[in-house]
Enquirer: 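One structure follows; several queries about it will come next.
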There are 2 protein chains.
Amino acid sequence: MNLRERKKRRTRDALLRAALELFATRGYEETTVDDIAAAVDVSQRTFFRYFAGKEETAFFVPRLAETLVVEALRTRPPGEVPLEALRRAVLESWDAINEAVEELVPIDLHMRVYRVIESTPALLAAHLRRSAELEEQLAGIIAEREGLDVDADPRPRIVVALFGGVIRVTERLWSAGDDVTLDGMRELTTTYLDQVGPALAGNWRAEQSP
Amino acid sequence: MNLRERKKRRTRDALLRAALELFATRGYEETTVDDIAAAVDVSQRTFFRYFAGKEETAFFVPRLAETLVVEALRTRPPGEVPLEALRRAVLESWDAINEAVEELVPIDLHMRVYRVIESTPALLAAHLRRSAELEEQLAGIIAEREGLDVDADPRPRIVVALFGGVIRVTERLWSAGDDVTLDGMRELTTTYLDQVGPALAGNWRAEQSP
DNA sequence: TTGTCAATTGTCAGTGGCTGTCATTAGCCT
DNA sequence: AGGCTAATGACAGCCACTGACAATTGACAA
């Protein structure tokens, strides 16, 4: 890697970390792009040459995670039923995610930023849209696994939508709770995914007092 | 109603219609608030006294619809299983929605704006966040119906998440397709909701060639 | 090593969404 | 009719973001 390339990488990482640190401590809306640029001592214009917008810094790490989930699903054995493949892909990609994230920013900082995303309306909106795009990708992979046409058969998109819904509920509760750790997330996720069947089944009132 | 009140209502409606018309023809991003204000011949500042932001005009009608869905779910007979109650609430509220919308803006204009929402990233993001908030409300109602505590039992949020996922997939396909009518939507929705069971069940490849 | 070329950066000016302030206007009520 | 209050317009300013141009800095060949 060139000196030039190395310099660029350093500047980008510095901007990223400065932005995330500011978001986590001061809040997203309370942080201006000028603040971020000033923290790294570059011009505002330079910031926008590295990131398409303020938002992009907040989602730089999540984007990495998404890539790894997609990859994990792609390498799932074809024998698994769709919902099973999704579940295992997500659960098993977290270790790789953690590792990849740590290379870029302290995992603790990422966790704090994650809470900011969930609690900042503008970021939550962006997060949900990104999730929708991810689900579209996953549906495509599921369809391929099953040898179906995504646009002809609704089932791939539906399972993924169901799955995505559960994941989002989980994420929200996890980020709002106290146990903001990897294991906490894993536990919550498995618990909630196990509830999908029961939740769809009939009378809850009958079940709940055995 | 006062002359003053009537005048305000007229101004608000004029701004709303002008905005939606511009969004539908020129596109959301291509429409400035100044354009909207100019179309009604008021100052930009006045626009912001009626709407919190440009976005709010686009979601004024959808907000109405959401209110009616919530209302419909509240009046569902307690005998219905959660997923059934949600399904019927949505399907049966559309007539009321259509009627209420027509009072405000031509239904055709609303449909065109809907497509703009689905195809404009910033609006889609906002739409998804609003949907998440709606789902939170619906989960609360479901929990109440079943005599559960939303924060203790995950099932209410999960069914609603599943349901919401299917609805969103349906909305997207509907707005992207040709049959952008009420009946088209109704049909798609029932079809897709009927796929929830099959989509969760095991091997699709075995099922698809009977 | 040096000179040339290309990439990176800073500066400046401008647009659009949005807000606070203050003077002006217009409807309301006695 | 005249005072009160609410609605409006005009103006200034903040912030995210973009285009254009000039200055700087690393890359690479002669």
Side-chain angles (χ1 to χ4, degrees), chain A residues 1-16 18-20 22-23 25-60 113 116-117 120-127 129-130, chain B residues 1-16 18-20 22-23 25-60 113 116-117 120-127 129-130:
Chain A
M1 234 195 340
N2 276 345
L3 166 59
R4 197 175 261 178
E5 293 291 309
R6 268 178 289 143
K7 229 176 173 179
K8 272 175 39 173
R9 171 65 59 92
R10 234 184 303 136
T11 307
R12 193 206 61 185
D13 289 356
L15 281 169
L16 183 60
L20 299 187
L22 284 166
F23 295 164
T25 57
R26 195 188 301 181
Y28 179 75
E29 317 262 22
E30 291 70 30
T31 305
T32 70
V33 174
D34 284 314
D35 290 337
I36 302 168
V40 182
D41 202 50
V42 296
S43 71
Q44 191 218 48
R45 197 66 183 84
T46 294
F47 172 90
F48 284 110
R49 289 200 177 98
Y50 283 94
F51 300 97
K54 198 170 87 167
E55 213 179 80
E56 201 178 284
T57 57
F59 292 108
F60 199 89
V113 171
V116 173
I117 290 176
T120 305
L123 289 181
L124 178 56
H127 175 59
R129 201 203 48 191
R130 296 173 56 78
Chain B
M1 234 190 348
N2 276 345
L3 166 58
R4 189 125 81 185
E5 293 292 308
R6 268 178 289 142
K7 227 173 174 180
K8 272 175 39 173
R9 171 65 59 92
R10 234 185 303 138
T11 307
R12 194 206 62 185
D13 289 356
L15 281 169
L16 183 60
L20 299 187
L22 284 166
F23 295 164
T25 57
R26 196 188 300 181
Y28 179 76
E29 317 262 20
E30 291 71 30
T31 304
T32 71
V33 173
D34 283 316
D35 291 336
I36 302 168
V40 183
D41 203 50
V42 296
S43 72
Q44 191 217 48
R45 197 65 185 84
T46 294
F47 171 90
F48 283 109
R49 289 200 176 98
Y50 282 95
F51 301 97
K54 198 169 88 164
E55 212 180 80
E56 201 178 284
T57 58
F59 291 107
F60 198 89
V113 172
V116 173
I117 291 176
T120 305
L123 289 181
L124 178 56
H127 174 59
R129 202 203 46 190
R130 297 173 54 79

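Just so it is clear: chains get the letters A, B, ... in the order the sequence lines come, proteins before strands, and each one is counted from 1.
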Enquirer: In whole Å, what is the span from the CG atom of A:Asn2 to the P atom of D:dC28?
Expert: 6 Å
Enquirer: Base, sugar-phosphate alone, or nothing: which one does A:Phe51 contact when heavy atoms must sit under 4.0 Å apart?
Expert: nothing
Enquirer: Taking only side-chain nitrogens and oxygens of A:Lys7, does any of them come within less than 4.0 Å of OP1 or OP2 of D:dG26?
Expert: yes
Enquirer: Is any side-chain heavy atom of B:Gln44 closer than 4.5 Å to a side-chain heavy atom of B:Ile36?
Expert: no
Enquirer: What is the distance, rounded to the nearest whole Å, between atom CD of B:Gln44 and atom P of D:dG13?
Expert: 16 Å
Enquirer: Between C:dT8, D:dG19, D:dC15, which one does the side chain of A:Arg45 approach most closely?
Expert: D:dG19
Enquirer: Taking the minimum atom-to-atom distance to the side chain of B:Arg49, which one of C:dC22, C:dC18, C:dC28 wins?
Expert: C:dC22
Enquirer: Can you tell me how far P of D:dG9 sits from OH of B:Tyr50, to the nearest Å?
Expert: 9 Å
Enquirer: When we call it a touch if two heavy atoms are under 4.0 Å apart, what does A:Ser43 touch: a base, just sugar-phosphate, or nothing?
Expert: base
Enquirer: Roughly how many Å is it from CD in B:Glu30 to P in C:dG17, rounded to a whole number?
Expert: 11 Å
Enquirer: If you pin B:Glu5 and A:Phe47 to their nearest nucleotides in DNA chain C, which one's is more 5'?
Expert: A:Phe47
Enquirer: Answer yes or no: does atom CG of A:Asn2 have more than 12 heavy-atom neighbours from other residues, nucleotides or ligands under 6.0 Å?
Expert: yes
Enquirer: Are A:Glu55 and A:Phe60 close enough that some pair of their side-chain heavy atoms sits under 4.5 Å apart?
Expert: no
Enquirer: Once you round it to whole Å, what is the distance between P of D:dA6 and CE of B:Met1?
Expert: 18 Å
Enquirer: Say you draw a straight line from CD of B:Glu29 to CG of B:Leu123; how long is it, rounded to the nearest 0.5 Å?
Expert: 7.0 Å
Enquirer: Can a side chain N or O of A:Lys8 be found less than 4.0 Å away from OP1 or OP2 on C:dT8?
Expert: yes
Enquirer: Atom CZ of A:Arg4 and atom P of C:dA7: how far apart are they, to the nearest Å?
Expert: 7 Å
Enquirer: Under 4.0 Å from OP1 or OP2 of C:dG16: is there any side-chain N or O of B:Thr32 that close?
Expert: no
Enquirer: Are any non-hydrogen side-chain atoms of A:Phe48 and A:Val33 less than 4.5 angstrom apart?
Expert: yes
Enquirer: Output the rounded distance in Å from CZ (B:Phe48) to C1' (C:dC18).
Expert: 5 Å
Enquirer: Atom CG of A:Asp34 to atom P of D:dG13: distance rounded to whole Å?
Expert: 17 Å
Enquirer: Which is more 5' along DNA chain C, the nucleotide nearest B:Thr31 or the one nearest B:Leu3? Just name the residue.
Expert: B:Thr31
